[in-house]
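The next block holds one structure in the form of structure tokens; read it before the comments.
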Amino acid sequence: AGMLSRDRSILATGWVNRLPPQNVHRLYGPPAGRANSSFATWRTRLADEIAARVAAAADATRIVVPAALAEDAKELWATRHVPVGATVFAALWDAGQWRLHTIRDQRLPAVVKQPVLALVTPLPPDHSGIADYAAELIAELEKHFHVELVHPDPASVAPEFRRLPLRNLEWFAQHADRYDRILYQVGNSDFHQHMFSLLGRHPGVVTLHDAFLSGVVSHMETFGIQPGFLGEILYRGHGYAAAAERWRKVRSGPDPILKYPCSSSVIEPALRVIVHSREARSILLDHYGPQIRSKLTLIPHLRAPLDGPTRSIARRELAIDDATFLVVSFGSTSMTKLNHRLLTAWRDSDLGSDPRCQLVFVGGGNDDYSKRLKQECSGLNARVTGRTSNATYRAFLMASDLAVQLRERSRGETSGAALDCMAAGLPLIVNNHGSLSELPEATVMRLDDRFSDGELIYALESLRSDNAA
């Protein structure tokens, strides 16, 4: 029957019972002193449990059996594990008694074996947009692969992902050769710091969510995770002059962290690199040359259809009146996301003095910029929520009337929040910068890259008027 622990077929109890006696081999007798009536209950529990374990088995050589069945089958659970391989266990009726058997039948229905894929990624509840991206990606990957998840702390992963095998980094490093495919989700935050060394030893396909990885590289050096890492990556990826810039006491140009992507240590060992925008591809080619072109594949950013409450239900959950014109901007607050420009335009527009209007920054941060933004919202019909749950995030998407997502100094990232707004059917204001410039012209209100406050005010007021009409 093949490596049944690797496929998604469920062994149905009724089907097992129809196997002819010559196709079963007795493995154990029944527990001593049990009446046949109790064996019927035991058999049902046993067969159902094994069927579920076979369907979700993580390891190619064994199925973990819960202690709940130990009382009824002490011999079987002596080691708390059942080796499987090409073997399936079930309790069958044989010669008037219940027996536990090993089924070996070359005429069993053929099983389509899926390749086994290791997905190395942040996962909810990690506070990372890539974690949410991975949550959507898993369902699509499962159509083609048997998926196993690799995470630094499997115990912290949200319960809905525990139906899949969850591997820690040590286990993965020791067993990486058992996988048919390895897929890394790499971004510019400390959620990805362990991936650099894993990629070097166990190459795979990389989805590169940020063309610049200089932030996480610098973090790893600063906090002693990998001493000298930034200097090493600058030298290897960008040359001696780039490495020397880091140590100059007086700089005439930008900080090397802002100037150089530091992505070479991911690109070099990768079998293939997936990027989500033409901008990201262009940045990488500009810095690393045409020799990497054959490694790069452009695939649009994944976004599943939005599943959330209706507008009226979402507003009740958020305690927002139905008559309020609600404008939102999603994501962490930062200088590069121009939240201060939006707040200034809001304050100076008709909406800023209208009690029927409200501006909400759904997200936030703990840095000085975010704290100042929150203070400046005070006294206005505007507020910053701080970090929210996924449920609250979806509620704001469904409850809002207009979204604004702006950028400057983009470094190759794709705005998942902008795509969420479009999936929710929200009118969306963007500026012509980075990957936002690649959104279809007819789907957004697009400002110039370096827009004026007056242009943003006009966009806010005109879309407010359209909503009122």
The test is salt bridge (charged side-chain N to carboxylate O under 4.0 Å, His left out); show your working for Glu160 and Arg163 and say whether it passes. CA-CA 7 Å; Glu160 58 264 33; Arg163 63 183 178 80; over 6 Å; no

Nearest 0.5 Å, what's the [atom1]-[atom2] distance between [X] and [Y]?
X      : Y      : atom1 : atom2 : value
Ser370 : Phe361 : OG    : CZ    : 10.5 Å
Phe212 : Ile257 : CZ    : CD1   : 11.0 Å
Leu123 : Asp153 : CG    : CG    : 11.0 Å
Ser462 : Ile429 : OG    : CD1   : 7.0 Å
Leu343 : Thr333 : CG    : OG1   : 11.0 Å
Ser277 : Leu436 : OG    : CG    : 10.0 Å

Got [X] and [Y] here, is their nearest side-chain heavy-atom distance under 4.5 Å?
X      : Y      : answer
Met398 : Ile313 : no
Asp132 : Pro124 : yes
Ser264 : Ile233 : yes
Arg303 : Met422 : no
Thr297 : Val205 : no
Gln358 : Arg383 : yes
Pro300 : His276 : no
Leu359 : Leu351 : no

Scan residues 451-462 for pairs that pass salt bridge (charged side-chain N to carboxylate O under 4.0 Å, His left out), counting only residues two or more places apart or in two chains. Arg341-Asp453

What pairs of residues pass the salt bridge (charged side-chain N to carboxylate O under 4.0 Å, His left out) test when at least one of them lies in residues 426-444, not counting sequence neighbours? Glu441-Arg446

Sort and list the pairs that fulfil ring pair (Phe, Tyr, Trp, His ring centres under 6.0 Å) and have at least one residue in [range], not counting sequence neighbours.
range            : answer
residues 382-436 : Phe330-Tyr393
residues 412-431 : none
residues 220-245 : Phe196-Phe229, His219-Phe223, His238-Tyr260, His238-His287, His238-Tyr288

According to side chain to side chain donor-acceptor pair (under 3.5 Å), does anything in residues 121-130 pair up with another residue at least two apart or in another chain? List the pairs. Asp126-His151

Here the side chain to side chain donor-acceptor pair (under 3.5 Å) pairs for residues 201-212, sequence neighbours left out, are Gln185-Thr207, Gln185-His209

If you compare all heavy atoms of [X] against all heavy atoms of [Y], which two are closest, and at what distance to 0.1 Å?
X      : Y      : answer
Leu342 : Ser329 : CD2-CB, 3.9 Å
Asn168 : Val150 : O-CG1, 4.4 Å
Pro152 : His194 : CG-CE1, 3.5 Å
Val275 : Ala280 : CB-CB, 4.1 Å
Pro261 : Ala211 : CB-O, 3.5 Å
Val444 : Leu439 : CG1-CD1, 4.1 Å

Could you walk me through whether Phe161 and Ile138 pass side chain to side chain contact (heavy atoms under 4.5 Å, CB included), step by step? CA-CA 9 Å; Phe161 300 102; Ile138 287 169; 3.8 Å; yes

Name all residues meeting the side-chain contact (heavy atoms from CB on, under 4.5 Å) criterion together with [X]; count only those two or more places apart in sequence or in a different chain, and write none if there are none.
X      : answer
Leu141 : Leu117, Leu119, Leu137, Phe145, Val147, Leu183
His340 : Met335, Leu338, Tyr369
Arg293 : Leu285

Heavy atoms from other residues, nucleotides or ligands near [atom1] of [X] exceed 12 (cutoff 6.0 Å):
X      : atom1 : value
Asp286 : CG    : yes
Arg272 : CZ    : yes
Lys374 : NZ    : no

Glu279 and side chain to side chain donor-acceptor pair (under 3.5 Å): which single residue from Ser435, Ser410, Ser437 fits?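 Running side chain to side chain donor-acceptor pair (under 3.5 Å) over Ser435, Ser410, Ser437 with Glu279 returns exactly one hit, Ser410.
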
Ignoring hydrogens and geometry, is there a side-chain-to-backbone donor-acceptor pair from [X] to [Y] under 3.5 Å?
X      : Y      : value
Glu221 : Leu230 : yes
Ser332 : Gly365 : no
His192 : Gly187 : yes
Asn431 : Leu447 : no
Ser218 : Gly215 : no
Ser400 : Val327 : no

Mind running salt bridge (charged side-chain N to carboxylate O under 4.0 Å, His left out) on Arg347 and Glu376 for me, showing each step along the way? CA-CA 10 Å; Arg347 182 194 62 206; Glu376 291 172 7; over 6 Å; no

Set of salt bridge (charged side-chain N to carboxylate O under 4.0 Å, His left out) partners for Arg236, sequence neighbours left out: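 So Arg236 forms a salt bridge (charged side-chain N to carboxylate O under 4.0 Å, His left out) with Glu232, Glu268.
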
List in chain and number order the residues that pass salt bridge (charged side-chain N to carboxylate O under 4.0 Å, His left out) with Arg411, two or more places apart in sequence or in another chain; answer none if no residue qualifies. none

Just do the side chain to side chain contact (heavy atoms under 4.5 Å, CB included) check on Val273 and Val266 with the steps written out, would you? CA-CA 9 Å; Val273 178; Val266 166; 5.6 Å; no

Could you check Val120 against Met195 for side chain to side chain contact (heavy atoms under 4.5 Å, CB included), going step by step and ending with a plain yes or no? CA-CA 8 Å; Val120 188; Met195 298 183 187; 4.2 Å; yes

State whether a side-chain donor-acceptor pair under 3.5 Å links Thr336 with Ser334.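 A pair is found: one side chain offers a donor N or O, the other an acceptor, under 3.5 Å apart.
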
Using the six-membered ring wherever Trp is involved, compare the ring planes of Phe172 and Tyr184 and label them parallel, tilted or perpendicular (cut-offs 30° and 60°).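 The rings of Phe172 and Tyr184 stand perpendicular, inter-plane angle above 60°.
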
Answer yes or no: is there an ion pair linking Arg315 with Asp401, defined by an N-O contact shorter than 4.0 Å? yes

